[in-house]
Amino acid sequence: MSLDNTIKEIQTSFRSDLSNCKTTTDLENIRITYLGRKGKITILFDDFAKLPGSEKPKYGKALNVLKTDLTIAFNQKMNELNPNSSGSNNNSADFSLPGYDLPKGSLHPLEQITSEIKSIFQSVGFSVAYGPEIDDDYHNFEALNVPKHHPARDMQDTFFIDPNTVLRTHTSNVQIHLMENQDPPIRHICCGRVFRNEAVSYKSFCLFNQVEGLVVNESSSFAEMKGTLEYFVEEMFGKGTKMRFRPSYFPFTEPSAEVDIWNDKLNQWMEILGCGMVNPNVLANVGYDNKKYQGFAFGMGIERIAMIKYGIKDIRLFYQNDKRFLEQF
Amino acid sequence: MKVSLSWLKRFVDFEYSSSELADKLTMQGFESEVVTDFSSLQHIVVGEVKSAEKHPDADKLKVCTVTDGNDSYNVVCGAPNVDKGQKIVFAKVGAVLPGDFKIGKAKIRGVESFGMICSERELGISEEHDGIMVLDHSCEVGVNIDSILGEAYDAIDVEITPDKAFALSHRGIAREVAAMSGAKLKTPIEVSKITSKGKDLIKVSLDKDGGCTRYIAGTMKNLTVGPSPKWLTDYLKSVGQKSINNLVDISNFMLLEIGHPTHIFDLNKLSKPTIEVKWAKKGEKFDALDEESYKLDTDHLIITDSVNTIALAGIIGGKDSAVSETTTEVLIESAYFNPVVIRKGSKKLNLLSEASRRFERGADPEATLEAFYMIVGLMTEVAGGTLESLITDESTIDTTLHKVSLSEDKLLKYTGQEIDSKSVGSILDGLYIGYDKSKTGWDCTIPSFRHDVVHETDLIEEVLRCYGYENIKSSYSFSSQMQYANDEEQPLFELKQYLSSLGFNQCYNNSLQDIEEVKAFGITPVSVMNPSSERMNTLRTTLHRGLLENLDFNFKNGSANTLIYEHGTVFEKKGDTLKDIDQVSNFSCLIHGNFYDKSVHFDGVENNFFLLKGIATNAFQTLTKAKVKFVEDKSSYCDIFYRIVDNKKNTVGSIGVIAGSFLDKLDIAHKTDVCVMDINTTFFTEHFNHSVKVKDIILYPVVTRDLNFKLDSGANLGEVCSAMKSVNQSILQDVWPVDIYQSKEEKSKKNVLFKLSFQNIKKTLEDNEVNAIITEIISIVTKKFNAKLRDN
């Protein structure tokens, strides 16, 4: 028998079997007879393999068409006999139903702000450095020009692990590690958790996140610090944000400044970051030639910026991880 | 520090209002806020009490008739001192007192009241609230209160940073005001040398270690203790201080006037008119003026009369040598103490006083004698005393003024902008810094009260803050220093974004936890010496603790479905030094409940072990290009625990199902399995790779086959799949178990349908190639797993 005839025969008998089929059991038998592993189609393909190469293209196509036709017809019959077999058929007509209730994932607001700050500074060539949260007194205080028994230590209430080991009170310890391991130029920001031994309330927590920056080279000036931070403030809070630099005091910078931005809603200035020219004593402490090198440093609290930006009134919300809070970001 | 405008005007003339002054000082480095600004108060006038009768229904209240010159008002008042005929501060209906206290009509015990008679506290003048404020009789009824009180009581609160000891007085702030306005500083008290009437001499000996480098002492007799004159009480009141008596008031006044702390002893309470400054004995007890008893240590500097300790030097006086109502003779101390000594002493006792605050930041050694003479002068004037002893001035201090140079080049390089030399000169003048202008800069002589100015940058800071930071033009030339900006944590940020887009919420938990809870996780923790509360005395050893707490919190607040993760540092103690503390960056996920709840669309999908397994497989494969496997292992608090390993057998993470008993022990609310996954951040960061090398897409068709096996119900399908895959690595691309069916009749067996996909990367697959593999698979699975192929 020629292959053409066999194909036609199979088509005819399959159609008649299918039209007589009334139950799913019948249907399963039809599947085994025609489409099963030892079914008629499989046998046909075995025969096809024995054909001479010249005839293969012609019959290859015909056989594939046959198999596809049969499969489609079979599936249609299956749907007729068993309308629920393919899942959501019963819903597909009502497009007013709600969509899948997908979980509402989010990045933590502090992560979002940190990431935004990082990318603003990365866009002007600052790399990101990290360092230890537990450090010795030297890296957290002394190297930063805060000797023991200096009243400036009162500015930061410190958690101690032992008399000479502290939970860092700022990420400035990273600046010291960085400069100890690298010669100028330095153009880095450091970020991470810092700890303060303060009573927990809506406006203060025992820890917060900080981003600090450090630039050391032969020329960076106070004017350049102003320019850099103005660029940052405009990127972060929007073009035309009203801001001011006012003199302040930090042991590790001199001259020091605090930056305020104007809050229209509250009709007042809000402090957002501290900065200053790196104190020459700090440069000397890490072995830099402070006659040749100079630069500036700045630092800000992420929680504070997030609170301003998102209108959050209680700092503790950041660490409570209430889903109703997190899902809003 | 509270600064009174009227007090400032003793030293310098100015026209600024409270808020203008606060703004100007803020921009010069002294962050200031308005405390009282009477010019902003409306509807508050001088009133006169026409009558004051007992309230018909309350013993402690009075019903007064108050006039503002035009009308009379009924006012109920609770102050015991209110009386007919007084001139008082009358806040009418509609007035708003400091602290946003609005005055409205009120009915008090059945009597209507229209306004309020104010106390000093209600006006923000002082803490005085025992009675109403009674004004001088000369005040004109009806005039706005600003004209009466504004001048005397307008005040600002100035925050003085630790470097600016020179500003801890009205004279100090006045110098700043003079520097900004160019006005001249006045000298309200002329210091004149007063010669003694007597010939007594106080013997003073100083310690040998430089704790006290100058001590001036003298005695006064024939003093009369009594109330202070009005001008003195008014000044003290203007900064919220209560008057005690004339002697104590004078010492307090001097402190706020010129910032130099002095102390006054009752001479008759001393054993001998002798002063010895020395170190305390260990454990020595000292009864101080504040009625407290302190235990001293050997680094506490004390003042003795050679027999008894009469003061804790520079911090607080003794109780037994204090002046009292009966004092007639005093010993006046004006000294200079070493800042570090005072700082240590005060810190050790946790005792901070107005005196210690000034000494620890550095007092003015030159002001010592000036303060002494001022005290003598005031005591003579106010308490009628006479100086009876010669003045002892024991000093080892070097009073040479130090010199600091400022070069023009450095100023320019540091500032980034030229500041003309004339401006620099007048700024230095305003700050009382003497200078010689050289060709290259300024050779400055620093006044004794500015010991904070030591380096050239200190001078630059002085120049810039007075020149005004707002006058320095910003420079944007930093683009020349651009460099490649690296962030080693970027890979973890991508992981966070991946998880959050799948539906995870990122958490930030407190690093400080309760030691008892931390210990449950079986790692030796690091504790804090001085915790703020016992619930936060130890550093976390795992992120799991915080995530479990988040599960518990959210579950109790109505969200059972939990998909959370955190990235943060955890700590482990491995020894007693800093380098023995492991500080490791961890990344943990926790899931619970359902991924999808049951809905019209489907029956619900659980957040379970397999979700984490799928996420781990995908996250590692897409973000690090590592193909991971899961190896069964043990964990102390997980029932089921698998290590995630890469093809080099590195452990790169883990997945576990936390034991129910452990959750109960920690009291964590839950209703389904709680699964955790940890990802090794170091591996992830190091292997993160976005530089994908694209593989050619294979154009030859994929052939799929189904195999249905009957297996023992305990058979491990992961192993079955691996056994199948091992038959042919190149053509058999994948094996997936797609269906498991167990009949009720035959529970020892399960039927599993596997889907196999085949592809030859070089050519179209021949059926016989596939068949050969299938035959081998069937034979292996049948033998190895006691399986039976079920016919299709």
Side-chain angles (χ1 to χ4, degrees), chain A residues 36-37 45 49 88 91 97 100-103 105-108 110-111 115 118 122 124-128 132-134 136 149 151-152 159-162 165 185 187 193 197 199 206-207 217 221-224 226-228 230 244-249 254-255 257 277 280 294 318-319 321 323 326, chain B residues 26-29 161-163 340 343-344 360-361 414-417 457 460-461 464-465 469 472-478 481-483 485-487 493 496 500-512 526 528-530 532 536 550 554 559 563 569 578 581 583 596 599-601 767 792:
Chain A
R37 207 168 56 84
F45 270 97
S88 57
N91 296 334
L97 284 170
Y100 293 177
D101 186 15
L102 296 159
S106 59
L107 288 171
H108 195 278
L110 298 176
E111 179 84 33
S115 150
K118 276 187 190 175
Q122 281 181 294
V124 286
F126 284 77
S127 284
V128 190
E133 291 175 25
I134 301 180
D136 53 19
H149 308 298
F159 284 115
F160 289 91
I161 302 299
D162 64 46
T165 310
R187 196 170 176 81
R193 286 186 175 199
N197 195 347
C206 51
L207 64 91
N217 54 44
S221 64
F222 192 89
E224 189 182 307
K226 276 188 78 177
T228 307
E230 276 169 13
R244 70 177 187 186
F245 286 77
R246 64 181 159 78
S248 188
Y249 167 73
E254 184 171 60
M277 298 296 289
Q294 63 181 42
F318 292 119
Y319 295 92
N321 301 307
K323 205 171 157 186
L326 296 176
Chain B
T26 297
M27 293 311 284
Q28 206 163 289
T161 52
D163 60 321
V340 172
R343 163 91 184 157
K344 271 176 153 171
E360 71 168 30
R361 287 158 193 235
Y414 230 66
T415 310
Q417 178 184 323
T457 46
I460 295 176
E461 175 171 62
L464 291 195
R465 77 175 174 91
Y469 285 0
I472 310 289
K473 279 196 196 69
S474 305
S475 151
Y476 300 93
S477 65
F478 50 81
Q481 299 154 17
M482 291 283 238
Q483 52 187 31
N486 178 47
D487 178 9
F493 184 67
K496 291 168 194 172
S500 291
S501 64
L502 280 180
F504 279 77
N505 296 116
Q506 182 185 12
C507 297
Y508 271 49
N509 279 295
N510 195 344
S511 307
L512 290 164
V526 178
V528 174
M529 267 172 76
N530 57 333
S532 55
M536 301 190 291
N550 304 150
N554 284 305
S559 318
L563 290 165
T569 312
L578 175 58
I581 295 173
Q583 307 188 48
Y596 290 121
S599 72
V600 289
H601 303 297
D767 247 15
N792 284 11

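By convention in this document, chain letters (A, B, ...) are assigned in the order of the sequence lines, proteins followed by strands, and residues within each chain are numbered from 1.
Note that OH of A:Y249 is 9.0 Å distant from CD of B:E461, once rounded to the nearest 0.5 Å. Going from atom OG of B:S474 over to atom CZ of A:F222 covers 9.0 Å, rounded to the nearest 0.5 Å. To the nearest 0.5 Å, the span separating NZ on A:K226 from OG on B:S475 amounts to 11.0 Å. Summarising the geometry, atom CG belonging to A:L107 is positioned 9.0 Å from atom OG belonging to B:S501; distances are rounded to the nearest 0.5 Å. The structure places NZ of A:K323 at 7.0 Å from CG of B:L563, a figure rounded to the nearest 0.5 Å. Rounding to the nearest 0.5 angstrom, the gap separating the CG atom in A:N321 from the CG atom in B:N505 is 9.0 Å.
In this structure, the portions of B:T457 lying under 4.5 Å from any heavy atom of chain A include both its backbone and its side chain. For B:L502, the part lying under 4.5 angstrom from a heavy atom of chain A is the backbone only. Within the 4.5 angstrom heavy-atom criterion, atoms from both the backbone and the side chain of B:K496 approach chain A. Interface remark: B:Q28 contributes backbone atoms only to the contact with chain A (heavy atom separation under 4.5 Å). Interface remark: B:V528 contributes backbone and side-chain atoms alike to the contact with chain A (heavy atom separation under 4.5 Å). Of the two parts of B:Y414, the backbone and the side chain both hold a non-hydrogen atom closer than 4.5 Å to a non-hydrogen atom of chain A. When heavy atoms are compared at a cutoff of 4.5 Å, A:E111 approaches chain B by way of both its backbone and its side chain. Heavy atoms closer than 4.5 Å to chain B are found in both the backbone and the side chain of A:S106. Only the side chain of A:S115 has a heavy atom closer than 4.5 Å to any heavy atom of chain B.
If you tally non-hydrogen atom pairs under 4.5 Å between each of A:E133, A:K118, A:E254 and chain B, the highest count goes to A:E254. When B:V526, B:L512, B:I472 are compared by the number of non-hydrogen pairs under 4.5 Å with chain A, B:I472 comes out ahead. Comparing B:N550, B:N554, B:T161 by how many heavy-atom pairs each has under 4.5 Å with chain A, the most go to B:N554. For the options B:R465, B:Q417, B:Q583, heavy-atom pairs under 4.5 Å to chain A are most numerous at B:Q583. Among A:L102, A:D162, A:L110, A:I134, the residue making the largest number of heavy-atom pairs under 4.5 Å with chain B is A:I134. Among the candidates A:P185, A:S248, A:A199, A:P280, the residue making the largest number of heavy-atom pairs closer than 4.5 Å to chain B is A:P280. Considering only heavy-atom pairs separated by less than 4.5 Å from chain B, the leading option among A:F245, A:F318, A:F159 is A:F159.
Between B:Y476 and A:G227, the shortest heavy-atom distance links the atoms CE2-O, 3.4 Å. When every heavy atom of B:N530 is checked against every heavy atom of A:F160, the shortest pair comes out as OD1-N, 2.8 Å. Minimum interatomic distance between A:P247 and B:M27 (heavy atoms only, all atoms of both residues): CD-O, 3.1 Å. Annotation for B:N510 and A:R193: closest pair C-NH1, 4.1 Å, computed over non-hydrogen atoms. For the residue pair B:I460 and A:P255, the shortest heavy atom distance occurs at CG2-CG, 4.3 Å. Pairing each heavy atom of B:D487 with each of A:Q122, the nearest pair is CB-NE2, 3.5 Å.
Between B:Y596 and A:Y100, the ring planes lie perpendicular to each other; the angle is over 60°, past the 30° to 60° tilted range.
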Checking side-chain contact (heavy atoms from CB on, under 4.5 Å) for the pair B:Y469/A:R244: CA distance, chi angles, key distance, verdict?
CA-CA 8 Å; B:Y469 285 0; A:R244 70 177 187 186; over 6 Å; no

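Taking the side chain as every heavy atom from C-beta outward, A:D101 and B:S599 never approach each other to under 4.5 Å.
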